[in-house]
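Notes for the one structure printed next.
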Amino acid sequence: MPNKVKAAWQAGKAVVNGWLAIPNAFSAEMYSQAGWDSVTVDMQHGVQDYLSCVACFQGMQPSGVTPMVRVPWNEPGIIGKVLDAGAYGVICPMVNTEAEARQLVQYSKYPPKGTRSNGPIRAGVYGEAGGYQKTANDEILVIPMIETQTALDNLEAILDVPGIDAIYVGPSDLGLSLGMPAILDREEPEILKIYERLIKETSKRGIAAGLHNSSPKYAKKMIDMGFKLVTVGGNEVGLMVNAAKAAIKETRGG
């Protein structure tokens, strides 16, 4: 089955991404009906584990959104398992060097492009019978996170690694790395200058740039700036809590 996110990027469109921290198939099912282009299960900072990731994928499937995962780390075991479970994209934290980017590609691709082991226990149902292995290398998105000064220092080398489809910016960790507070929707001139550099360098290589955002207004601003993947609301927990607070405030007349 073609990757809808990759197709959108090839058409020059931006992708609006949801983010799942809650380890529950029902909430994933309801959340995925909202109109997202893709939904990412967060196995790094959410409370998801592998079994809950699979359950969330099962909950998402009827909506047709593209399922992706942020893995806990750049490690072949978990990357292979989330791909076997049906992930169409792997977002990997703290990729700081060309060597680490090459490792991420290796772990995500079948031979001869990589070293991923065969066994798509669930992912195989997304393709023609027996055909998953023929298309996976082309359809799976490999997305390292750029979120440290070290990664910025090595940016061009990371982007030049064959098999990298996009980068994803973690604004909180990027800020911490630069001696700033850990926040999402950043307005510091030096950060915006970094964003401009990221968009410039990815665009000229045909690679997409993604960003984690808090507010829809800021996410729209970042699309207008040139980002091709924006996550809105932080995660579904933030959206739920904020909506609940707003409803309570309105009810109480505050």
Side-chain angles (χ1 to χ4, degrees), residues 3 5-6 17 19-21 38-54 56-57 66-120 123 136-178 182 194 198 201-202 205 207-212 229 231 235:
N3 189 321
V5 171
K6 179 170 279 192
N17 179 59
W19 203 259
L20 288 178
S38 58
V39 174
T40 299
V41 177
D42 185 8
M43 294 181 70
Q44 184 191 18
H45 290 309
V47 291
Q48 302 274 9
D49 60 20
Y50 180 68
L51 290 179
S52 70
C53 174
V54 173
C56 286
F57 281 177
T66 299
M68 302 202 296
V69 178
R70 177 166 71 172
V71 293
W73 206 248
N74 192 8
E75 186 274 318
I78 192 59
I79 290 172
K81 283 184 74 68
V82 299
L83 290 174
D84 289 347
Y88 263 56
V90 174
I91 299 175
C92 183
M94 294 292 178
V95 175
N96 293 316
T97 66
E98 176 188 355
E100 291 171 354
R102 289 186 181 278
Q103 288 172 342
L104 175 59
V105 173
Q106 285 283 303
Y107 303 155
S108 303
K109 304 280 188 181
Y110 288 126
K113 294 183 177 180
T115 56
R116 178 184 170 191
S117 177
N118 181 51
N137 280 358
D138 294 328
E139 298 298 335
I140 297 302
L141 296 171
V142 180
I143 308 174
M145 293 191 71
I146 302 298
E147 48 189 347
T148 67
Q149 181 63 60
T150 304
L152 294 174
D153 293 341
N154 294 309
L155 179 65
E156 288 78 8
I158 291 171
L159 296 180
D160 286 338
V161 171
I164 297 297
D165 298 288
I167 60 171
Y168 192 80
V169 180
S172 295
D173 278 313
L174 181 61
L176 287 174
S177 179
L178 300 175
I194 289 170
L198 296 176
E201 294 299 327
T202 52
R205 291 169 172 84
I207 296 172
L211 183 69
H212 211 72
L229 172 67
T231 298
N235 56 36

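Nothing fancy with the numbering, it's 1 onward along the sequence. We use all heavy atoms of the structure for the numbers below, so side chains are in, but hydrogens, waters and symmetry mates are not.
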Check the angle between the aromatic planes of Y168 and W19 and answer parallel, tilted or perpendicular using the 30° and 60° thresholds. parallel

When you look at I194 and V169, which way does the side chain to side chain contact (heavy atoms under 4.5 Å, CB included) test go after all the steps? CA-CA 10 Å; I194 289 170; V169 180; over 6 Å; no

Which distance, rounded to the nearest 0.5 Å, do you find between the CE of M94 and the OG of S177? 7.5 Å

If we only count heavy atoms from C-beta on, is the E100 to I158 side-chain gap below 4.5 Å? no

Pairs touching residues 66-83 that satisfy salt bridge (charged side-chain N to carboxylate O under 4.0 Å, His left out), sequence neighbours left out: D42-R70

Can you confirm whether V161 sits close enough to P144 that some side-chain heavy atom of one is under 4.5 Å from a side-chain heavy atom of the other? no

Which heavy atom of P111 sits nearest a heavy atom of N137, and at what distance? O-ND2, 4.4 Å

Determine the minimum heavy-atom distance between V142 and G163, stating which atoms define it. CB-O, 3.5 Å

Is the side chain of K6 donor-acceptor paired with the backbone N or O of D138 at a distance under 3.5 Å, no angle test? yes

Rounded at 0.5 Å granularity, tell me how far CD1 in I140 sits from OH in Y110. 8.0 Å

Here the gap from D160 atom CG to E98 atom CD, rounded to the nearest 0.5 Å, amounts to 8.0 Å

Heavy atoms, side chains only, cut-off 4.5 Å: are P171 and L211 in contact? yes

So which heavy atom on G86 is nearest to which on P67, and how close? O-CG, 3.5 Å

Of I143, T66, D165, the residue whose pairing with V5 passes side-chain contact (heavy atoms from CB on, under 4.5 Å): T66

For the residue pair L152 and I146, establish whether any side-chain heavy-atom pair is separated by less than 4.5 Å. yes

Identify the heavy atoms of I91 and M68 that sit nearest to each other, and give their distance. CD1-CE, 4.4 Å

Rounding to 0.5 Å, atoms CE (M145) and CD1 (I167) come to a distance of 10.5 Å

For G170 against E147, the heavy-atom pair lying closest together: O-CB, 3.7 Å

Sequence neighbours excluded - side-chain hydrogen bond (donor to acceptor under 3.5 Å, both in side chains) pairs with any residue from residues 148-158: N96-T148, Q149-D153, E156-R197

Which pair of non-hydrogen atoms, one from A87 and one from F57, has the smallest distance, and what is that distance? N-CE1, 3.4 Å

Quick check for you: to the nearest 0.5 Å, what is the distance between T40 atom OG1 and N17 atom CG? 3.5 Å

Do the side chains of P76 and T115 get nearer than 4.5 Å, heavy atoms only? no

Looking at side-chain heavy atoms only, is the closest gap between L83 and S108 below 4.5 Å? yes

Residue pair I79 / R116, side-chain heavy-atom distance below 4.5 Å: no

Heavy-atom distance under 4.5 Å between the side chains of Y107 and N74, does that happen here? yes

OG1 (T202) and CG (L155) are apart, to the nearest 0.5 Å, by 8.5 Å

